[in-house]
Amino acid sequence: MATDDVTAQVRGWFAGRLPDGWFTGAPEIIIDREEIAVIGTLPDPPQDVPEAERAALIDGLVRRFREETRERRIEIAREAEHKFRQKVSWGVVCGGETVMFTTLSVPVMTRLRQAERQVLDTLVAAGVARSRSDALAWCVRLVGRHTDTWLADLREALQHVDRVRAAGPDINS
């Protein structure tokens, strides 16, 4: 979890570095131990577009943005990766849909008991996932989708803990 100061530094750096006009507002910056995700909002397609065309229009807008900004995004990501020592991933929101261009897939070691492994094996056998790894990722996404509010409250509480820790006495002196 990133501290408020680090998050503020990263947000400020990207606000100063990103070209004007890329997004309709400030991008969302999501930071964890390995990655900084920059997710900007593109203008929504016109409301009068027929529903049959809407998905294709959003796809076209996202692809155009991705192609037209590729070189600059790579350049900015390299600078940020050097400065903050974390990988940078990119994504956009358009018409209410979030599309990530690049993301890290980080291995995570876990120990599971037999009953938990059987859940993963059932998902694999049913064709829901290709492997135990995919099944575990599917489970994590499912839990995340259904507990957004609870996870947001938990993250907020962790930020409060970070602030209290930072305000505490310096024991290294």
Side-chain angles (χ1 to χ4, degrees), residues 1-19 22-23 25-42 62 65-66 69-94 96-113 115-117 119-121 123-124 128-173:
M1 228 16 87
T3 65
D4 288 342
D5 287 344
V6 170
T7 301
Q9 283 181 341
V10 172
R11 279 197 180 108
W13 188 87
F14 275 99
R17 187 62 182 89
L18 292 176
W22 269 16
F23 307 123
E28 180 181 10
I29 307 290
I30 303 170
I31 304 170
D32 69 11
R33 289 186 288 192
E34 292 86 17
E35 182 176 21
I36 299 169
V38 180
I39 306 168
T41 302
L42 302 178
V62 168
F65 176 84
R66 185 177 187 183
T69 63
R70 176 174 274 124
E71 294 303 318
R72 290 291 305 275
R73 285 185 295 108
I74 290 170
E75 176 186 325
I76 293 167
R78 283 186 181 139
E79 290 176 26
E81 289 167 3
H82 179 74
K83 181 171 182 63
F84 299 111
R85 304 277 188 246
Q86 288 179 284
K87 289 292 186 185
V88 174
S89 62
W90 297 91
V92 293
V93 176
C94 185
E97 309 235 358
T98 301
V99 179
M100 295 302 295
F101 302 151
T102 54
T103 57
L104 290 181
S105 183
V106 178
V108 177
M109 179 65 165
T110 185
R111 296 182 188 278
L112 300 176
R113 299 192 186 283
E116 296 157 338
R117 293 190 312 269
V119 170
L120 300 181
D121 292 341
L123 293 171
V124 172
V128 173
R130 293 184 313 253
S131 64
R132 282 181 170 177
S133 177
D134 285 344
L136 187 56
W138 182 86
C139 291
V140 169
R141 285 191 302 273
L142 185 65
V143 168
R145 191 174 308 131
H146 293 291
T147 59
D148 280 343
T149 303
W150 180 80
L151 288 172
D153 290 346
L154 186 59
R155 288 182 184 112
E156 185 178 313
L158 288 171
Q159 288 176 345
H160 178 70
V161 168
D162 286 343
R163 285 191 296 272
V164 171
R165 251 189 223 134
D170 184 8
I171 59 174
N172 295 327
S173 301

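For reference, positions follow the sequence shown, starting with 1. Because only heavy atoms are used, hydrogens play no part in the values below, and waters and symmetry mates are left out as well, while side chains stay in.
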Roughly how far apart are Glu79 CD and Ile74 CD1, rounded to 0.5 Å? 12.5 Å
Got a donor-acceptor contact below 3.5 angstrom from the Glu116 side chain to the Arg113 backbone? yes
State plainly whether the residues Lys87 and Glu35 are in salt-bridge range, i.e. N to O under 4.0 Å. no
Any non-hydrogen side-chain atom of Phe14 less than 4.5 Å from a side-chain atom of Ile36? yes
Heavy-atom distance under 4.5 Å between the side chains of Val62 and Phe101, does that happen here? yes
Under the 3.5 angstrom rule, does the side chain of Arg73 hit a backbone N or O of Arg66 as a donor-acceptor pair? yes
Counting neighbours of NE2 on His82 that are heavy atoms of other residues, nucleotides or ligands and sit closer than 6.0 Å, is the number greater than 12? no
Thr103 OG1 to Ile30 CD1 distance, which is reported to the nearest 0.5 Å: 11.5 Å
Shortest non-hydrogen pair, Arg132 vs Asp121, comes out as NE-OD1, 2.7 Å
Answer yes or no: is there a side-chain heavy-atom contact under 4.5 Å between Ile76 and Trp90? yes
Between Cys139 and Leu120, is any pair of side-chain heavy atoms under 4.5 Å apart? yes
Leu158 side, atom CG; Arg163 side, atom CZ - distance, nearest 0.5 Å: 10.5 Å
Trp138 side chain reached by Asp134 side chain, heavy atoms, under 4.5 Å: no
Does the side chain of Val99 come within less than 4.5 Å of Phe65's, by heavy atoms? no
Side chains of Leu42 and Val93 in contact at under 4.5 Å (non-hydrogen atoms): no
Nearest 0.5 Å, what's the CG-CH2 distance between Leu18 and Trp13? 7.5 Å
Glu156 atom CD, over 12 foreign heavy atoms within 6.0 Å: no
Checking side chain to side chain contact (heavy atoms under 4.5 Å, CB included) for the pair Met100/Ile39: CA distance, chi angles, key distance, verdict? CA-CA 8 Å; Met100 295 302 295; Ile39 306 168; 3.9 Å; yes
Heavy atoms of other groups near Arg70 CZ, more than 12 under 6.0 Å: yes
